[in-house]
Asker: 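Questions regarding the structure given below will be posed in turn.
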Amino acid sequence: MMKKLLLTAILMGLTSVTLASEDEKASTPAWESDAWDTELANMPKGSVAKGEKLANKGYCYTCHGEKGIAPTGNAPSLAGLTSPWLYKTLLDYKSHLFHIDNKSLVMEAAVQPMSKQDMSDIAVYYATQKRPAGEGKIKAPRKVRKCQKCHDTDEPDEDDAPSLLGQSAQYIERQTEAYKHKVRRTEVGKSMHKAVKKLKKKKIKKLADYYADQ
Ligand code: HEC
Ligand code: HEC
């Protein structure tokens with residue numbers, strides 16, 4: 001009897017979680033700049049050791065690689081991205097703001113059981129890993145100057161746009177297209193969308209190949 005009651009309670013609990021997230025998917029509002037500033041100011045202090053444990057427990061390495069360098073272009077490399085950036089993307093998956101298409105579902109599901117403390121631990125763990133490096137053979141396309149106004153600037157700052165150096169070309173292309181078409185709704189403001197809204201597909205591909213090779 002107890003078991004049956006417990007099971008019903010669990011099932012009911014799960015159903016309401018599922019409904020809530022379906023709701024959120026459609027209605028999560030974009031970040032207001034103040035709201036993000038407050039969220040970041042309240043980011044719990046992370047532990048690298050706990051983050052490593054959580055990453056192992058969550059099988060993150062199967063797609064993102066040992067130490068955050070992705071083995072295929074399918075998933076992004078996480079190594080050496082800043083902790084505020086990694087923390088933000090995990091929050092964005094949890095609220096379903098970061099929902100491009102079905103390919104985003106694996107991450108939306110992975111973060112559901114995580115607390116903000118877990119997310120911060122994971123973020124600082126990957127942030128302390130060494131960034132991947134490409135061969136540096138591809139000549140810089142002219143348009144890259146535009147990206148360099150915000151990405152990988154000379155004086156990097158924790159709040160900067162995420163680094164693109166050594167990132168998967170497939171991932172850079174997918175994300176740039178998603179900002180261009182406003183399918184990725186994670187921006188605080190619209191600077192990324194504005195920067196790429198007129199970029200042709202071919203130019204985006206060239207930039208992605210260039211960055212992946214850095
Ligand atoms: C089955 C493969 C898979 C697993 C397992 C997985 N991920 Fe992902 N992850 C992805 C894919 C694919 C994307 C890109 C999704 C998209 O484009 O919408 C992604 C994106 C991300 C991003 C966004 C990075 C950025 O710069 O935009 C973070 C952070 C991340 N994953 C962390 C994790 C963590 C932490 C775990 C373990 C708890 C994990 N992932 C497990 C496949 C996976
Ligand atoms: C005005 C500043 C600005 C310019 C110019 C800019 N970006 Fe961005 N970019 C950003 C910001 C800010 C983000 C993070 C937005 C968010 O929170 O979702 C971002 C995110 C991205 C991402 C997602 C990375 C990840 O790990 O998920 C990619 C890819 C990207 N930009 C590519 C480009 C390319 C290619 C160019 C040049 C054509 C460019 N950006 C120009 C500000 C800029």
Side-chain angles (χ1 to χ4, degrees), residues 30-31 33 36 40 51-65 68 70-94 96-114 118-127 141-153 157 159-180 182-200 203-212:
W31 286 106
S33 138
W36 168 242
L40 186 56
E52 183 170 15
K53 272 198 194 132
L54 286 168
N56 283 329
K57 223 174 93 190
Y59 303 106
C60 314
Y61 54 84
T62 51
C63 301
H64 296 289
T72 73
N74 225 356
S77 287
L78 307 177
L81 293 174
T82 67
S83 57
W85 172 252
L86 290 164
Y87 184 65
K88 179 174 180 291
T89 60
L90 296 174
L91 286 174
D92 287 342
Y93 282 120
K94 190 154 185 177
H96 302 289
L97 259 184
F98 197 159
H99 177 83
I100 298 176
D101 54 32
N102 285 348
K103 210 176 156 185
S104 316
L105 289 175
V106 53
M107 284 309 305
E108 289 174 271
V111 298
Q112 289 314 315
M114 286 183 202
D118 296 341
M119 293 185 195
S120 173
D121 292 341
I122 287 176
V124 296
Y125 163 63
Y126 282 115
R142 211 160 41 89
K143 290 274 181 209
V144 82
R145 276 190 231 139
K146 190 165 191 167
C147 321
Q148 285 166 339
K149 280 192 191 140
C150 303
H151 293 274
D152 303 290
T153 56
D157 170 318
D159 293 339
D160 257 1
S163 174
L164 303 176
L165 306 177
Q167 186 53 284
S168 137
Q170 208 179 309
Y171 192 68
I172 295 175
E173 197 179 351
R174 168 175 163 81
Q175 298 307 320
T176 306
E177 292 286 346
Y179 285 112
K180 176 177 165 181
K182 288 196 184 168
V183 190
R184 179 160 172 179
R185 301 195 302 125
T186 58
E187 281 202 76
V188 185
K190 292 268 180 296
S191 54
M192 226 341 256
H193 170 70
K194 266 200 207 136
V196 300
K197 70 179 177 192
K198 287 194 186 135
L199 265 188
K200 301 241 161 62
K203 291 252 152 80
I204 292 178
K205 172 134 196 347
K206 273 204 168 149
L207 285 166
D209 288 340
Y210 166 74
Y211 269 119

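Each ligand, and each atom within it, is numbered from 1 in the order the structure gives. Since the model is a prediction, treat every value here as computed from it, not as a measurement.
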Asker: Tell me which protein heavy atom sits closest to atom 16 (C) of ligand 1, plus the residue, atom name and distance to 0.1 Å.
Answerer: Arg174 NH2, 3.4 Å
Asker: Protein N/O/S atoms under 2.8 Å of atom 8 (Fe) of ligand 1?
Answerer: His64 NE2, Met107 SD
Asker: Pick whichever of Tyr87, Trp85, Tyr93 has a heavy atom sitting closest to atom 23 (C) of ligand 1.
Answerer: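 The residue whose heavy atom sits nearest atom 23 (C) of ligand 1 is Tyr93.
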Asker: Could you tell me whether Thr89 and ligand 1 have an N or O pair separated by under 3.5 Å?
Answerer: no
Asker: When you check the side-chain N and O atoms of Thr153 and Asp160, is any donor under 3.5 Å from an acceptor?
Answerer: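 Their side chains do contain a donor-acceptor pair, which is all the 3.5 Å distance test asks for.
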Asker: Against heavy atoms of Ile122, which atoms of ligand 1 measure under 4.0 Å?
Answerer: 35 (C)
Asker: Please check: side-chain N/O of Ser168 versus main-chain N/O of Gly73, any donor-acceptor pairing under 3.5 Å?
Answerer: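 Yes, because the side chain of Ser168 sits within donor-acceptor range (under 3.5 Å) of the backbone of Gly73.
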Asker: Please say whether Gln175 places an N or O atom under 3.5 Å from an N or O atom belonging to ligand 1.
Answerer: yes
Asker: Side chains of Tyr125 and Ser83: closer than 4.5 Å at any heavy-atom pair?
Answerer: no
Asker: Can you sort out which atoms of ligand 2 are near Leu199, meaning under 4.0 Å from one of its heavy atoms?
Answerer: 38 (C)
Asker: List ligand 2 atoms under 4.0 Å from Ile172, heavy atoms only on the residue side.
Answerer: 29 (C)
Asker: Of the protein's non-hydrogen atoms, which lies at the shortest distance from atom 27 (O) of ligand 2, and what is that distance?
Answerer: Arg184 NH1, 2.9 Å
Asker: Using modelled atom types and a 3.5 Å cut-off, is there a donor and acceptor pairing between side-chain atoms of Lys180 and backbone atoms of Ile204?
Answerer: no
Asker: Between Tyr93 and Phe98, how do the two ring planes meet: parallel, tilted or perpendicular, split at 30° and 60°?
Answerer: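 Because their plane-to-plane angle is under 30°, the rings of Tyr93 and Phe98 count as parallel.
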Asker: Should Glu187 be listed as contacting ligand 2, given a heavy-atom distance under 4.0 Å as the test?
Answerer: yes
Asker: By number and element, which atoms of ligand 1 are closer than 4.0 Å to a non-hydrogen atom of Leu81?
Answerer: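 So the answer, numbered in order with elements, is 26 (O).
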Asker: Donor-acceptor check, side chain of His64 to backbone of Pro76, threshold 3.5 angstrom: yes or no?
Answerer: yes
Asker: Rounded to the nearest 0.5 Å, what separation is found between the CD1 atom of Ile172 and the OH atom of Tyr211?
Answerer: 8.0 Å
Asker: Can you find an N/O atom of Lys149 closer than 3.5 Å to an N/O atom of ligand 2?
Answerer: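 By distance alone, the answer is no.
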Asker: If we set the cut-off at 4.0 Å for heavy atoms, which region of Lys88 has an atom near ligand 2: side chain, backbone, both, or neither?
Answerer: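 For Lys88, the contact with ligand 2 is made by the side chain alone.
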Asker: May I ask you to decide if Lys203's main-chain N or O and Lys143's side chain share a donor-acceptor pair within less than 3.5 Å?
Answerer: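 Absent.
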Asker: Could you list all the salt bridge (Lys or Arg N to Asp or Glu O under 4.0 Å) pairs where at least one residue sits in residues 77-93, not counting sequence neighbours?
Answerer: Lys88-Asp92
Asker: Can you measure from OG1 (Thr186) to CG (Leu91) and round to the nearest 0.5 angstrom?
Answerer: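 Rounded to the nearest 0.5 Å, the OG1-CG separation comes out at 11.5 Å.
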Asker: Near Met114, which atoms of ligand 1 are under 4.0 Å from a heavy atom of that residue?
Answerer: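 Checking each atom against Met114, I get 38 (C).
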Asker: With heavy-atom distances below 4.5 Å as the criterion, would you say the side chains of Ile122 and Leu90 are in contact?
Answerer: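 In contact.
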Asker: Take a 6.0 Å sphere around NZ of Lys103 and say whether it holds more than 12 heavy atoms from other residues, nucleotides or ligands.
Answerer: yes
Asker: Using heavy-atom distances only, which candidate in Pro113, Ser104, Ser163 approaches atom 18 (O) of ligand 1 most closely?
Answerer: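 Answer by nearest heavy atom: Ser104.
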Asker: Is a side-chain donor-acceptor pair under 3.5 Å present for His193 with Glu187?
Answerer: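 On atom types as modelled, these side chains do not qualify, holding no pair under 3.5 Å.
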Asker: Kindly say whether Glu108 contributes a backbone atom to a donor-acceptor pair with the side chain of Gln112 at under 3.5 angstrom?
Answerer: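 Yes.
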Asker: Measuring from Lys182:NZ to Arg185:CZ, what's the distance to the nearest 0.5 Å?
Answerer: 11.5 Å
Asker: How does Ile204 reach ligand 2, by side chain, by backbone, by both or by neither, if only non-hydrogen atoms under 4.0 Å count?
Answerer: neither
Asker: Using a cut-off of 2.8 Å, how many protein N, O or S atoms sit around atom 8 (Fe) of ligand 2?
Answerer: 2
Asker: Roughly how far, to the nearest 0.5 Å, is the OH atom of Tyr210 from the CG atom of Leu165?
Answerer: 7.5 Å
Asker: Between Ser77 (side chain only) and Ala70 (backbone N and O only), is there a donor and an acceptor less than 3.5 Å apart?
Answerer: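 Side chain of Ser77 to backbone of Ala70: a pair is present.
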Asker: Considering non-hydrogen atoms of the protein only, which is the closest contact for atom 5 (C) of ligand 2, and what is the distance?
Answerer: Lys146 O, 3.3 Å
Asker: Which of the numbered atoms in ligand 1 are below 4.0 angstrom from a heavy atom of Thr62?
Answerer: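 So the answer, numbered in order with elements, is 5 (C).
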Asker: Check this for me: Lys206, atom NZ, are more than 12 non-hydrogen atoms of other residues, nucleotides or ligands nearer than 6.0 Å?
Answerer: no
Asker: At a 4.0 Å threshold, what atoms of ligand 2 neighbour a non-hydrogen atom of Leu207?
Answerer: 38 (C)
Asker: For Tyr171, take its heavy atoms, then give the atoms of ligand 2 lying under 4.0 Å from any of them.
Answerer: 25 (C), 26 (O), 27 (O)
Asker: Under 4.0 Å from a heavy atom of Tyr59: which atoms of ligand 1 are those, numbered in the order shown and with their elements?
Answerer: 5 (C)
Asker: Filter on salt bridge (Lys or Arg N to Asp or Glu O under 4.0 Å), then keep only pairs touching residues 161-175, sequence neighbours left out; what's left?
Answerer: Asp101-Arg174
